[in-house]
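Down below is the structure, laid out as structure tokens.
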Amino acid sequence: MTKNIMCMALAALMGTTALSAQTNDTKPAHKTVFAKDGANSHWFVELGNYATFLQGGTNNNTAFGDRLSYVNPTISVGRWHRPYFATRLNLQGGRFEEYVHNGNSAVTGKHTYLNGSLDFMFDVVNYFAPYKENRFFHVIPFVGVGASNLFNSQYACGMKKNGHLSAMALAGLQLKFRLAKCVDLNLEGKVAATDHKLPSYAEGSEMRGGYLGSLGASLTFHLGKKEFTPVVQQDDALIKSLNDQLNALRAENAELSKRPVDCPEVEAPQVAGVAVGNVVYFRLNSAVVDANQMINIRNIAEYAKNNTETITLVGHADRQTGTPDYNYKLSERRAEAVKKILVERFGISADRIKTSWEGDRVQPYAENVWNRVVIMNAE
């Protein structure tokens with residue numbers, strides 16, 4: 001009977017390990033596999049305002065500050081398809097000024113415009129660094145294609161030009177700062193190339209396109225699920241080791257089954273003072289409780305609600321990775337993580353929970369990877 005229980009426990013551990021194998025969390029995001037989320041996840045809306053200026057041609061003969069137009073609102077709707085790649089639809093409108101110089105005279109033109117583009121965004125930080133949902137700073141270059149329309153163009157000399165539509169290509173850079181879980185501050189600069197055939201770009205009798213620069217700030221509001229969930233690959237060596245031990249236990253069970261039917265079952269001795277035991281397993285170098293370990297914490301919480309014993313939590317780390325000092329602190333963080341869940345999620349009083357940690361000084365299991373645990377007891 002005891003061997004049967006051990007087989008069942010080992011099989012359960014194998015299932016847990018297949019879902020949450022011991023891996024290193026230092027891989028860059030582009031080498032990490034992420035779970036596929038629903039269509040409602042990872043959307044965002046951006047609202048902001050930009051200062052614009054026309055660059056090139058005879059405009060460069062006018063001081064940069066005089067070319068700036070300060071009210072150019074923008075709105076974007078987009079989605080992150082990966083932690084490092086997004087697309088967005090962007091609309092930007094307002095006015096910009098044009099300066100046509102001819103000898104010693106200059107003519108000023110005021111243009112009302114609306115630009116629409118599909119932008120392709122690449123998060124450099126999330127691509128090369130390990131993925132962290134709460135990272136404070138991001139560098140995001142982008143390119144886009146779209147169209148630009150001039151609704152109204154008026155020149156000081158009385159000339160007017162209305163309704164000119166042009167194809168547009170753009171490139172830019174966004175610096176993103178995390179303000180809250182669902183709100184970011186963006187500083188952005190971009191240059192859009194169009195072909196509105198403006199007089200300030202005239203070459204002989206031919207009117208050519210121009211370059212509209214934009215500098216400004218915006219806020220990003222994240223909609224639906226924001227974070228991506230890494231898919232932890234199984235540890236093949238660990239699975240093989242568990243399989244070998246499970247097969248060995250099965251062989252012992254087969255031998256035990258050959259004993260006489262009337263052989264009395266020996267009752268296992270009870271350990272004084274220990275009412276119930278449970279274990280929470282952790283990934284390598286991690287103090288984060290995985291979702292598939294929550295059932296173990298729930299079980300001890302349910303026991304605590306129905307009994308009066310003190311809950312003891314002892315953190316451990318495996319001896320074959322890390323230094324003793326690092327593992328000691330890691331085992332402390334593991335024990336405190338389990339305590340926090342018991343208190344905050346299941347309502348167990350902190351006064352009833354006693355935590356301690358051993359680092360890698362005590363190895364409760366012969367199999368090295370099994371020692372990445374917090375062992376829970378009720379006394």
Side-chain heavy atoms under 4.5 angstrom apart, residues restricted to Ile, Leu, Val, Met, Phe, Trp, Tyr: same cluster for Phe120 and Phe128?
-> yes
Hey, are the side chains of Trp357 and Asn327 touching, using non-hydrogen atoms and a 4.5 Å cut-off?
-> no
Considering only heavy atoms from C-beta outward, does the side chain of Leu342 approach that of Ile297 to under 4.5 Å?
-> yes
May I ask you to decide if His316's main-chain N or O and Arg334's side chain share a donor-acceptor pair within less than 3.5 Å?
-> yes
Arg352 CZ: over 12 foreign heavy atoms closer than 6.0 Å | yes
Taking atom types as modelled, find out whether Ser117 and Asp119 have a side-chain donor-acceptor pair closer than 3.5 angstrom.
-> yes
When hydrophobic residues are tied together by side-chain contacts of less than 4.5 Å, even through go-betweens, does Trp370 share a cluster with Ile375?
-> yes
Phe137 ring center within less than 6.0 Å of Phe177 ring center = yes
One should read off an interatomic distance between Glu302 CD and Arg298 CZ, to the nearest 0.5 angstrom, of 6.5 Å
Shortest non-hydrogen contact from Asn296 toward Met376 | O-CE, 3.5 Å
Flag if over 12 foreign heavy atoms under 6.0 Å of CZ, Arg361 | yes
If you take all heavy atoms of Trp80 and Met121, which pair is closest and at what distance?
-> CZ3-O, 4.5 Å
What is the distance from atom CG of Leu175 to atom NE2 of His138, rounded to the nearest 0.5 Å?
-> 11.5 Å
Is there side-chain contact between Arg319 and Asn371, with at least one heavy-atom pair below 4.5 Å?
-> no
Could you grab the distance from atom NE2 of His196 to atom CG of Leu150, nearest 0.5 Å is fine?
-> 4.0 Å
So do the side chains of Tyr131 and Arg82 get within less than 4.5 Å of each other, counting heavy atoms only?
-> no
Would you tell me whether Asn115 and Lys190 have side-chain atoms, one donor and one acceptor, within less than 3.5 Å of each other?
-> no
Shortest non-hydrogen contact between Pro28 and Thr32, atoms and distance = O-OG1, 3.1 Å
Take Leu179 and Leu219, measure what side-chain contact (heavy atoms from CB on, under 4.5 Å) needs, and give me the verdict at the end.
-> CA-CA 9 Å; Leu179 300 182; Leu219 291 174; 4.0 Å; yes
Heavy-atom distance under 4.5 Å between the side chains of Val373 and Phe282, does that happen here?
-> no
Would you give the length of the straight line joining atom CG of Asn377 to atom CD1 of Ile300, rounded to the nearest 0.5 angstrom?
-> 7.0 Å
Arg135 CZ: over 12 foreign heavy atoms closer than 6.0 Å = yes
Can you tell me which residue pairs pass the side-chain hydrogen bond (donor to acceptor under 3.5 Å, both in side chains) test with a partner in residues 177-189, sequence neighbours excluded?
-> Tyr50-Glu188, Arg88-Glu188, Gln174-Glu188, Lys176-Asn186, Asp184-His222, Asn186-Ser218, Asn186-Thr220
Looking at CG of Leu284 and OG1 of Thr321, how far apart are the two atoms once the value is rounded to the nearest 0.5 Å?
-> 5.0 Å
Testing Ile140, Val139, Leu187 for side-chain contact (heavy atoms from CB on, under 4.5 Å) with Leu173, which one passes?
-> Val139
Thr52/Tyr113 under side-chain contact (heavy atoms from CB on, under 4.5 Å): CA gap, chis, key distance, verdict | CA-CA 11 Å; Thr52 63; Tyr113 75 97; 3.5 Å; yes
Donor-acceptor side-chain pairing of Thr229 and Asp37 below 3.5 angstrom = no
Under the 3.5 angstrom rule, does the side chain of Glu344 hit a backbone N or O of Lys339 as a donor-acceptor pair?
-> no
Partner residues of Phe122 under the ring pair (Phe, Tyr, Trp, His ring centres under 6.0 Å) criterion, sequence neighbours left out | Tyr127
Transitive ILVMFWY side-chain link Phe85 to Trp43, under 4.5 Å | no
Donor-acceptor pair, Ser76 side chain versus Asn90 backbone, under 3.5 Å?
-> no
Just checking, any donor-acceptor pair under 3.5 angstrom between side chains of Tyr99 and Glu97?
-> yes
For Lys305, look at atom NZ and say whether over 12 heavy atoms of other residues, nucleotides or ligands are found less than 6.0 Å away.
-> yes
Is Leu89 reachable from Ile75 through a run of I, L, V, M, F, W or Y residues, each pair having side-chain heavy atoms under 4.5 Å apart?
-> no
Are the side chain of Asn72 and the backbone of Arg95 linked by a donor-acceptor contact shorter than 3.5 Å?
-> yes
Side-chain contact test, heavy atoms from C-beta onward, threshold under 4.5 Å: evaluate it for Asn59 versus Phe96 and give yes or no.
-> no
Just wondering, do Glu336 and Leu313 contact through their side chains at under 4.5 Å, heavy atoms?
-> no
Going through the distances and angles, do Lys132 and Val125 end up as a side-chain contact (heavy atoms from CB on, under 4.5 Å)?
-> CA-CA 10 Å; Lys132 293 182 180 179; Val125 178; over 6 Å; no
Should the pair Tyr155 and His111 be assigned to parallel (<30°), tilted (30 to 60°) or perpendicular (>60°) ring geometry?
-> perpendicular
Point-to-point distance, once rounded to the nearest 0.5 Å, from NZ of Lys36 to OG of Ser41 | 11.5 Å
For His42, what residues pass the ring pair (Phe, Tyr, Trp, His ring centres under 6.0 Å) criterion, not counting sequence neighbours?
-> Phe228
Does Leu198 reach the side chain of Leu54, with side-chain heavy atoms less than 4.5 Å apart?
-> yes
Asp318 side chain to Gln320 main-chain N or O, any donor-acceptor pair under 3.5 Å?
-> yes
Distance-minimising heavy-atom pair for Thr355 and Ala335 | CG2-O, 4.3 Å
Might you confirm whether atom NZ of Lys226 has over 12 heavy atoms from other residues, nucleotides or ligands at distances under 6.0 Å?
-> yes
Thr74 (side chain) donor-acceptor with Leu91 (main chain) under 3.5 angstrom = yes
Can you get from Leu68 to Leu212 by hopping between Ile, Leu, Val, Met, Phe, Trp and Tyr side chains that sit under 4.5 Å apart?
-> no
Applying side-chain contact (heavy atoms from CB on, under 4.5 Å), run through Ser153 and His164 and close with a yes or a no.
-> CA-CA 9 Å; Ser153 299; His164 189 275; over 6 Å; no
Which atoms form the tightest heavy-atom contact between Ile348 and Ala304, and what is the distance?
-> CD1-CB, 3.9 Å
Might you point out which heavy atoms bring Tyr84 and Ala29 nearest each other, and give the distance in Å?
-> CE2-O, 4.0 Å
